[in-house]
Amino acid sequence: MNQDIEIVICAGTTCHVFGGADLLLLEEHLPADLAARCRIRGSTCLGSCKDKTQGDPPFVLINGVLHQPEGINDLVEAIRLCAANLPTRE
């Protein structure tokens with residue numbers, strides 16, 4: 001299956017302190033069906049914490065859309081919703 005979901009987890013200091021460190025363990029928590037579709041990488045900073053209108057950290061980009069997961073389970077659910085909204089590939 002194609003890796004059509006790109007996940008960028010902010011590993012900057014602010015995100016790290018506010019829960020981003022746990023999110024970096026995402027790969028260990030993804031079900032196999034989702035893991036096969038995902039490319040996961042960390043970023044030194046997404047810059048979203050500097051703009052208070054973006055909300056509170058930690059921040060994650062899923063296919064370029066900013067998310068603020070409250071934990072690993074919330075992040076997995078956001079990825080599952082993203083996958084459900086993508087066209088199926090053969």
Side-chain angles (χ1 to χ4, degrees):
M1 188 174 279
N2 290 332
Q3 293 180 316
D4 52 1
I5 303 171
E6 182 179 15
I7 301 158
V8 182
I9 301 170
C10 184
T13 302
T14 303
C15 284
H16 184 84
V17 169
F18 284 94
D22 293 337
L23 300 180
L24 292 170
L25 301 174
L26 173 64
E27 201 164 9
E28 298 173 15
H29 296 275
L30 276 178
D33 63 317
L34 286 179
R37 297 184 70 176
C38 294
R39 283 186 314 269
I40 304 168
R41 67 180 178 91
S43 173
T44 55
C45 184
L46 296 176
S48 298
C49 58
K50 296 173 184 162
D51 180 357
K52 295 299 181 189
T53 66
Q54 299 292 328
D56 297 322
F59 296 102
V60 176
L61 290 174
I62 302 174
N63 282 354
V65 177
L66 189 67
H67 292 266
Q68 300 158 273
E70 294 183 13
I72 200 80
N73 292 332
D74 193 33
L75 180 53
V76 170
E77 186 57 32
I79 295 165
R80 189 175 302 286
L81 287 172
C82 177
N85 290 318
L86 292 174
T88 56
R89 294 185 181 199
E90 297 181 28

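The basis for the numbers below is simple: all heavy atoms, side chains too, and nothing from hydrogens, waters or symmetry mates.
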Review point. Looking at Ala11 and His16, what are the two nearest heavy atoms and their distance?
Key: O-CB, 4.2 Å

Exercise for review: Report the residues that fulfil side-chain contact (heavy atoms from CB on, under 4.5 Å) with Cys10, sequence neighbours left out, ordered by chain and then residue number.
Suggested key: Cys15, Leu46

Point to revise | Pairs flagged by salt bridge (Lys or Arg N to Asp or Glu O under 4.0 Å) wherever residues 40-53 is involved - sequence neighbours left out | key: Glu6-Arg41

Point to revise | Donor-acceptor under 3.5 Å (Asn63 side chain, Asp4 main chain) | key: yes

**Study point:** Set of side-chain contact (heavy atoms from CB on, under 4.5 Å) partners for Ile72, sequence neighbours left out
**Key:** Leu23, Leu26, His29

Practice item. Could you tell me whether the side chain of Arg80 reaches within less than 4.5 Å of the side chain of Ile5, counting heavy atoms only? Key: no

Point to revise | By side-chain contact (heavy atoms from CB on, under 4.5 Å) - contacts of Cys49 (at least two apart) | key: Thr14, Phe59

Check your understanding: Which ILVMFWY residues are connected to Phe18, directly or by a chain of links, through side-chain heavy atoms under 4.5 Å apart?
Key -> Val17

Practice item. State plainly whether one hydrophobic cluster holds both Leu66 and Ile40, where clusters connect Ile, Leu, Val, Met, Phe, Trp and Tyr through side-chain heavy atoms under 4.5 angstrom apart. Key: no

Review point. Between the side chain of Gln54 and the main-chain N/O of Gly47, is any donor-acceptor distance below 3.5 Å?
Key: no

Check your understanding: Measuring from Ile9:CD1 to Leu61:CG, what's the distance to the nearest 0.5 Å?
Key -> 10.5 Å

**Study point:** Rounded distance (nearest 0.5 Å) linking atom CG of Leu30 with atom SG of Cys38
**Key:** 5.0 Å

Practice item. State which residues pass side-chain contact (heavy atoms from CB on, under 4.5 Å) with His67; sequence neighbours excluded, sorted by chain then number. Key: Ile62, Val65, Pro69, Ala78

Exercise for review: Answer yes if Leu34 and Leu86 sit in the same cluster of Ile, Leu, Val, Met, Phe, Trp and Tyr residues linked by side chain heavy atoms under 4.5 Å apart, and no otherwise.
Suggested key: yes

Practice item. Compare all side-chain heavy atoms of Val76 with those of Pro31 and state whether any distance is below 4.5 angstrom. Key: yes

